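Take a look at the structure set out below.
Owing to the predicted nature of the structure, the values given are computational and were not obtained by experimental measurement. Residue numbers run from 1 in the order of the sequence given.
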Amino acid sequence: MFENRGKKLTAALFAVGLLGASSSWAQMPGGKDPEGMGPMRGFERLHKDLNLNAQQEELWKKAQAARRDAFRSMRANGEETRAKLRVEIDKPGADLKQFAQLRDQLGAQMHAQMEAIRKQVREAWFAAYDVLDANQKEQVRVAIRDGMDRMGRHRRGGPRGEMHGEHFGQGHGSDHS
């Protein structure tokens, strides 16, 4: 039971970190790796559509690398946290109060690390954004808006929407679009 809760905490913290990292253009990915999937898909096309000059392209690549490194770091931190929790819960006679305190402490540390990483990635993307011209910035604005619309449709009833709606007690989505 406690092993399952530890896994859930680690997964939840990781998910929160990923959501935070992908909540704005300041964390836009561009690679074809798994991090570029989900709500961030479509930014590869935006990257091409922006027709970046050499300076802009360099800053874009730096931001992509920062995002990729942040994802890897968060994943490694999550695995390390899980391993530490596993060692503790595997000890015969483990004190569950101490285990819960350790879990809370590690969770708080992980959250602080993820927030610092998120800010670094955001700054890298803002550096790229700052050198865009007005037309390119408008393209980015429209892409963010469209991405938000897609995410809203998926939550209300796009792919797998019924499953999510039923799971979270929202019933059988009459608001499917």
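- When the side chain to side chain donor-acceptor pair (under 3.5 Å) test is applied to Q109, no partner is found at least two apart in sequence or on another chain.
- Judged as a salt bridge (charged side-chain N to carboxylate O under 4.0 Å, His left out), and not counting sequence neighbours, the contacts of K91 are E88.
- The side chain to side chain donor-acceptor pair (under 3.5 Å) search around K137 returns none, not counting sequence neighbours.
- Side-chain heavy-atom separations under 4.5 angstrom define the hydrophobic clusters, and V142 shares its cluster with no other residue.
- With sequence neighbours excluded, no residue forms a side chain to side chain donor-acceptor pair (under 3.5 Å) with Q139.
- Interatomic distance, CG of D69 versus CD of Q64, reported as 11.5 Å (0.5 Å rounding).
- Residues meeting the side-chain contact (heavy atoms from CB on, under 4.5 Å) test with E58, sequence neighbours left out: K62.
- Separation of atoms CG (D130) and CD (Q56) is listed at 11.0 Å; rounding is to 0.5 Å.
- No side-chain heavy atom of M148 sits under 4.5 Å from any side-chain heavy atom of R145.
- Among all heavy-atom pairs drawn from L106 and K84, the shortest one is CD1-CB, 4.0 Å.
- Rounding to the nearest 0.5 Å places OG1 of T81 at 12.5 Å from CE of M74.
- The side-chain contact (heavy atoms from CB on, under 4.5 Å) test applied to N51 returns no partner, not counting sequence neighbours.
- Considering CZ of R141 and CG of D146, their distance stands at 9.0 Å, rounded to 0.5 Å.
- Closest approach of A70 and V121 over heavy atoms only: CB-CG2, 3.4 Å.
- Looking at every heavy atom in both residues, L46 comes nearest to A143 through CD2-CB, 3.8 Å.
- Annotation: side chain to side chain donor-acceptor pair (under 3.5 Å) contacts of E57 (sequence neighbours excluded): H47.
- Nearest heavy-atom pair across L85 and F99 is O-CE1, 3.3 Å.
- The structure places CD of Q136 at 7.0 Å from CG of N53, a figure rounded to the nearest 0.5 Å.
- Salt-bridge formation is detected for the pair E115/R118: a Lys NZ or Arg NE/NH1/NH2 atom is positioned less than 4.0 Å from an Asp or Glu carboxylate oxygen.
- E123 has no carboxylate O lying under 4.0 Å from a charged side-chain N of K119, or vice versa, which leaves the two without a salt bridge.
- With hydrophobic clusters built from ILVMFWY side chains whose heavy atoms lie under 4.5 angstrom apart, L59 does not share a cluster with L50.
- Evaluation of the salt bridge (charged side-chain N to carboxylate O under 4.0 Å, His left out) rule for K61 yields no partner, not counting sequence neighbours.
- Between S73 and I117, the closest heavy-atom pair is OG-CD1, 3.4 Å.
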